[in-house]
Novice: 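Handing you a structure now.
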Amino acid sequence: MNRLIGLLTILAFLTRPALTAPSCSTVKQQLVPCLGFIKDITDRPSDSCCSGTKEIGDQTKTQGDRQAICECLKNILAVAGTYDKNRIPQIPKTCGVPISLPPIDSSTDCSRAITEYVF
């Protein structure tokens, strides 16, 4: 009986859906509400920005996830116009989300940034 339970536990673990980084379209959808804050239009991140940041943080588990999200943010911000990259790290702090975001711009090396910051 114990062997059967052990086997079922292993099978359940192996057949569960893999956790992967959120897609770039999901990241965009969740974090576009933050643009007003990043572009210095608003004084603080909106509620939808905070909830999107929390959602992305909850879905980000591995170093590969963090790198993929960083690259996605670089692509999104490349077409966002002028913004203050130093406001990006303020978002999780202001929203009370226990993650750390790097200041991201076109020169950000996401492979390095992910080792210095915890998404």
Side-chain angles (χ1 to χ4, degrees):
M1 183 69 162
N2 286 340
R3 291 182 81 195
L4 179 60
I5 292 172
L7 179 62
L8 291 174
T9 302
I10 291 170
L11 284 174
F13 178 77
L14 293 175
T15 58
R16 71 184 180 146
L19 298 175
T20 59
S23 69
C24 199
S25 62
T26 298
V27 171
K28 182 178 180 179
Q29 179 183 0
Q30 296 293 336
L31 299 182
V32 160
C34 300
L35 285 178
F37 179 72
I38 295 169
K39 291 173 138 297
D40 203 14
I41 296 169
T42 62
D43 292 338
R44 61 176 271 101
S46 66
D47 290 343
S48 56
C49 170
C50 289
S51 64
T53 302
K54 181 180 180 339
E55 183 74 25
I56 295 300
D58 289 347
Q59 295 177 35
T60 306
K61 305 298 180 202
T62 69
Q63 192 171 15
D65 294 348
R66 292 188 294 275
Q67 187 169 356
I69 289 169
C70 178
E71 292 292 345
C72 179
L73 289 172
K74 272 179 65 172
N75 292 333
I76 292 167
L77 293 169
V79 296
T82 304
Y83 66 94
D84 182 353
K85 72 177 187 173
N86 295 314
R87 293 192 108 192
I88 295 170
Q90 296 175 28
I91 294 170
K93 292 175 189 171
T94 304
C95 294
V97 178
I99 61 173
S100 179
L101 294 173
I104 298 172
D105 66 10
S106 61
S107 66
T108 301
D109 178 355
C110 288
S111 65
R112 185 171 161 248
I114 61 169
T115 61
E116 296 173 2
Y117 293 89
V118 179
F119 286 73

Novice: Taking the two cysteines C95 and C50, do their sulfur (SG) atoms come closer than 2.5 angstrom to each other?
Specialist: yes
Novice: Can you find a heavy atom in the side chain of P103 that is under 4.5 Å from one in the side chain of P89?
Specialist: yes
Novice: Is there side-chain contact between I91 and I38, with at least one heavy-atom pair below 4.5 Å?
Specialist: yes
Novice: Less than 4.5 Å apart, any side-chain heavy atom of P22 and any of Q30?
Specialist: no
Novice: Given side chains that start at C-beta, do those of T53 and C34 come closer than 4.5 Å, heavy atoms only?
Specialist: yes
Novice: Report yes if some heavy atom in the side chain of T60 is under 4.5 Å from a heavy atom in the side chain of I99; otherwise report no.
Specialist: no
Novice: Once rounded to the nearest 0.5 Å, what's the spacing between atom NZ of K93 and atom OG of S100?
Specialist: 6.5 Å
Novice: Using atom types as modelled and distance alone, determine if a side-chain donor or acceptor of D65 lies under 3.5 Å from a backbone N or O of T62.
Specialist: yes
Novice: Which is it for L31 and I76 under the side chain to side chain contact (heavy atoms under 4.5 Å, CB included) test, yes or no, and what are the steps along the way?
Specialist: CA-CA 10 Å; L31 299 182; I76 292 167; over 6 Å; no
Novice: For the atom pair SG (C24) and CD1 (I69), what is the distance rounded to the nearest 0.5 Å?
Specialist: 9.5 Å
Novice: What do the steps show when you test E71 against Q67 for side-chain hydrogen bond (donor to acceptor under 3.5 Å, both in side chains), and what is the final call?
Specialist: CA-CA 6 Å; E71 292 292 345; Q67 187 169 356; 4.6 Å; no
Novice: Is the number of heavy atoms from other residues, nucleotides or ligands within 6.0 Å of CG (D43) greater than 12?
Specialist: no
Novice: Do L77 and I104 touch side chain to side chain, with heavy atoms closer than 4.5 Å?
Specialist: yes
Novice: Could you tell me if the side chain of Q90 sits less than 4.5 Å from the side chain of R87, heavy atoms only?
Specialist: yes
Novice: Say whether, by atom type as modelled, one donor and one acceptor occur between the side chain of K74 and the main chain of T108 under 3.5 angstrom.
Specialist: yes
Novice: So which heavy atom on Y83 is nearest to which on I88, and how close?
Specialist: CE1-CD1, 4.1 Å
Novice: Using every non-hydrogen atom in the two residues, find where P45 and C49 come nearest and quote the distance to one decimal.
Specialist: CB-SG, 3.7 Å
Novice: Could you give the distance from CD1 (I41) to CG (L35), rounded to the nearest 0.5 Å?
Specialist: 8.0 Å
